[in-house]
Amino acid sequence: MSARCDKTRLFKASFSFWGVLFLAVLASSLLSACADRPLSESVLSGETMGTTYSVKYINQPGEAHSARTEEEVAANVARLLTHLDKLLSTYQQDSELNQLNRAEVGVDVPVSSILWQVLLIADQTYRDSNGAFDPSVGPLVDLWGFGPTAAPDNVPPDAVIESLLIDTGFKHLDFEPNKQAVVKRSDIRLDLSAVAKGYAADRVAELLFDMGLQRFMVEVGGELRLAGTNGRNQPWRIAIEVPELLRGGVQEVVVATDVGVATSGDYRNYFERDGVRYSHTIDPRTGRPIRHNLASATVIAGSAAQADALATAFMVLGTEQSLALANRNEIAVYLISRGPDGWNTSLSKSFETYLQR
Ligand code: FAD
């Protein structure tokens with residue numbers, strides 16, 4: 001029996017749910033703020049990268065005041081996200097990433113500074129996570145039906161998985177800094193879905209800073225970049241949702257600012273076959289979706305891109321290995337796993353400071 005979640009609808013639905021969750025938590029703090037201070041708060045939103053984005057910013061008159069109109073801010077943000085989509089998408093045939101994916105093995109491929117930066121962040125997380133985060137899983141993501149081409153719920157034959165594993169491994173991509181070029185040493189195909197949305201949130205944050213704004217929450221497909229204080233002059237309050245699509249709810253509330261926050265989970269993009277859940281996070285060591293009981297990983301890091309990539313890495317590693325890696329490297333991670341009596345939560349030492357107590 002297979003009960004596939006309608007990925008796009010559920011993803012968007014859960015995403016809009018997730019978005020509502022953020023806004024609900026945020027609105028509650030802002031509403032009580034209205035009582036004690038006038039707010040010039042602006043909210044803009046739209047669609048990008050197959051998901052949605054929103055920006056909430058406080059444009060308070062004073063030294064950190066942007067003279068830009070809301071229309072100008074919204075237009076600049078939309079233009080930037082369209083540009084990033086064009087470079088980093090596996091869903092647009094002529095994107096820069098897909099041109100790299102079609103490039104010959106062994107040939108220098110000069111890349112834009114944006115793709116170069118994202119590939120460097122990916123390489124760092126690939127090394128830090130001992131290969132758990134690995135964008136070269138692209139062909140495997142497609143094989144399991146989680147990529148751009150729709151595919152039926154199917155468990156691919158072992159032989160096909162093994163054949164794709166031969167070319168999997170971010171180590172097959174060489175970097176040539178003096179030429180800002182990369183060289184594929186085998187026929188790898190990259191999928192940056194697990195880092196590019198976080199990177200987009202960081203780039204939007206930089207754009208807002210350049211326009212004189214310093215107090216905002218940027219969110220792209222659930223990945224967040226926070227700056228300054230909210231309308232009550234306090235750090236932003238972010239809800240971590242219970243990793244369950246239909247019932248959901250708030251599992252924990254964190255208080256943070258001037259960081260990136262990202263969550264990865266196995267409860268939005270998945271299908272079930274004979275009682276087994278196959279989610280969109282692929283273990284690069286096996287070529288198969290993860291099979292442990294970790295349902296979601298939330299990471300708080302210096303940038304949204306780093307948080308985004310690390311959250312996926314932890315979803316591959318599972319609870320024990322994630323906590324060991326996070327505590328060794330002082331990474332703030334919050335994990336929710338399935339237990340016999342419901343949800344179990346665990347967090348790294350660095351995460352404690354963000355808990356709202
Ligand atoms: P995360 O949990 O952050 O990462 C999981 C995703 O990363 C998987 O879906 C897979 O793609 C990849 N992945 C799986 N395992 C690994 C691993 N071990 N290491 C590294 N990566 C892994 N979707 C659409 O439906 N239509 C679009 O037009 C579209 N355009 C996009 C354009 C861009 C630039 C990007 C980045 C994504 C686009 N997407 C599109 C995909 C969509 O936005 C989400 O990225 C996708 O659904 C997963 O989001 P997530 O946050 O749940 O993934």
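We count residues from 1, following the sequence as given.
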Heavy-atom side-chain contact between Asn76 and Met211 under 4.5 Å: yes

query: Is the closest side-chain heavy-atom distance between His172 and Val105 below 4.5 Å?
result: no

field: Ser264 versus Ala311, closest heavy-atom pair with distance
entry: OG-CB, 3.6 Å

query: Would a distance-only check, ignoring hydrogens and angles, find a side-chain to backbone donor-acceptor pair under 3.5 Å from Gln180 to Val111?
result: yes

- request: For the pair Asn101 (side chain) and Leu190 (backbone), establish whether a donor and an acceptor sit closer than 3.5 Å, ignoring hydrogens and angles.
  value: yes

- request: Starting at OG1 of Thr82, measure out to CZ of Arg79 and round the result to the nearest 0.5 Å.
  value: 9.0 Å

message: Are Leu120 and Val109 linked, directly or through intermediate hydrophobic residues, by side-chain heavy-atom contacts shorter than 4.5 Å (ILVMFWY only)?
response: yes

query: Given side chains that start at C-beta, do those of Tyr199 and Val220 come closer than 4.5 Å, heavy atoms only?
result: no

Distance-only donor-acceptor hits, side chain of residues 326-336, under 3.5 Å, sequence neighbours excluded:
from, atom 1, to, atom 2, distance (Å)
Asn327, OD1, Lys349, N, 2.9
Asn327, ND2, Leu323, O, 3.3

query: How far does CZ of Phe271 sit from CG of Asn154, to the nearest 0.5 angstrom?
result: 6.0 Å

Distance-minimising heavy-atom pair for Ala256 and Tyr354: CB-CD2, 3.7 Å

- prompt: Between Asp202 and Ala304, is there a donor-acceptor pair closer than 3.5 Å when you use the side chain of the first and the backbone of the second?
  reply: yes

- request: Calculate, to the nearest 0.5 Å, the distance between atoms CG and CD belonging to Asp85 and Glu47 respectively.
  value: 11.5 Å

- prompt: Would you say the side chain of Asn59 lies within less than 4.5 Å of the side chain of Val73, judging by non-hydrogen atoms?
  reply: no

message: So, taking the atom named CG in Asp191 and the one named CG in Leu88, what distance separates them when rounded to the nearest 0.5 Å?
response: 11.0 Å

field: By ring-ring contact (aromatic ring centres under 6.0 Å, His included) - contacts of Phe209 (at least two apart)
entry: Phe216

query: Rounded to the nearest 0.5 Å, how far does OG1 of Thr281 lie from CZ of Arg291?
result: 14.0 Å

field: Heavy-atom side-chain proximity of Thr298 to Glu252 below 4.5 angstrom
entry: no

message: Quick one: does any side-chain atom of Thr257 pair with a main-chain N or O of Gly228 as donor and acceptor, under 3.5 Å?
response: yes

field: Expected output: side-chain Arg215 to main-chain Asn230 donor-acceptor under 3.5 Å
entry: yes

- request: Would you mind reporting whether Glu241 and Thr263 have side-chain heavy atoms less than 4.5 Å apart?
  value: no

message: side-chain contact (heavy atoms from CB on, under 4.5 Å) for His292 and Thr319? Distances and angles first, verdict last.
response: CA-CA 9 Å; His292 49 58; Thr319 304; over 6 Å; no

message: Restricting to non-hydrogen atoms, name the atom on Asp308 and the atom on Ala196 that form the minimum distance, rounded to 0.1 Å.
response: OD2-N, 4.1 Å

Sidechain-backbone polar pair: Trp236 side chain, Arg225 backbone, donor-acceptor under 3.5 Å: no

query: Within the side chain of Asp134, is there an N or O that forms a donor-acceptor pair under 3.5 Å with the backbone of Pro284?
result: no

query: Asp94: what forms a side chain to side chain contact (heavy atoms under 4.5 Å, CB included) with it, not counting sequence neighbours?
result: Lys86, Gln92

- request: Take Tyr267 and Ser296, measure what side-chain contact (heavy atoms from CB on, under 4.5 Å) needs, and give me the verdict at the end.
  value: CA-CA 8 Å; Tyr267 57 101; Ser296 89; 3.9 Å; yes

field: Donor-acceptor contact present, side-chain Glu96 to main-chain Ser112, <3.5 Å
entry: yes

- request: Give, for atom OG of Ser279 and atom CZ of Arg288, the distance between the pair rounded to the nearest 0.5 Å.
  value: 14.5 Å

message: Using every non-hydrogen atom in the two residues, find where Lys184 and Leu100 come nearest and quote the distance to one decimal.
response: NZ-O, 3.2 Å

message: Show the nearest heavy-atom pair for residues Leu143 and Leu164, with the distance to one decimal.
response: CD2-CD1, 3.7 Å

task: Just do the side-chain contact (heavy atoms from CB on, under 4.5 Å) check on Phe133 and Val195 with the steps written out, would you?
output: CA-CA 10 Å; Phe133 173 85; Val195 60; 4.0 Å; yes

statement: Per side chain to side chain donor-acceptor pair (under 3.5 Å), Arg127 is matched among Asp123, Asn130, Thr125 by Asp123

message: Using side-chain heavy atoms (C-beta onward) and a distance below 4.5 Å, is Leu317 in contact with Phe314?
response: yes

- request: Would you confirm whether Glu72, through its side chain, and Thr69, through its main-chain N or O, come within 3.5 Å as a donor-acceptor pair?
  value: yes

message: One pair to check against side-chain contact (heavy atoms from CB on, under 4.5 Å): Glu70 and Leu44. What are the steps and the verdict?
response: CA-CA 8 Å; Glu70 286 187 9; Leu44 55 101; over 6 Å; no

message: I'd like to know if the side chain of His280 reaches the main chain of Gly265, judged simply by a donor and an acceptor atom lying under 3.5 Å from each other, with no hydrogens or angles considered.
response: yes

- prompt: Which heavy-atom pair separates Ala201 from Glu223 by the least distance, and what is that distance?
  reply: CB-O, 4.1 Å

- prompt: Would you say Tyr126 and Lys171 make side-chain contact, with heavy atoms under 4.5 Å?
  reply: yes

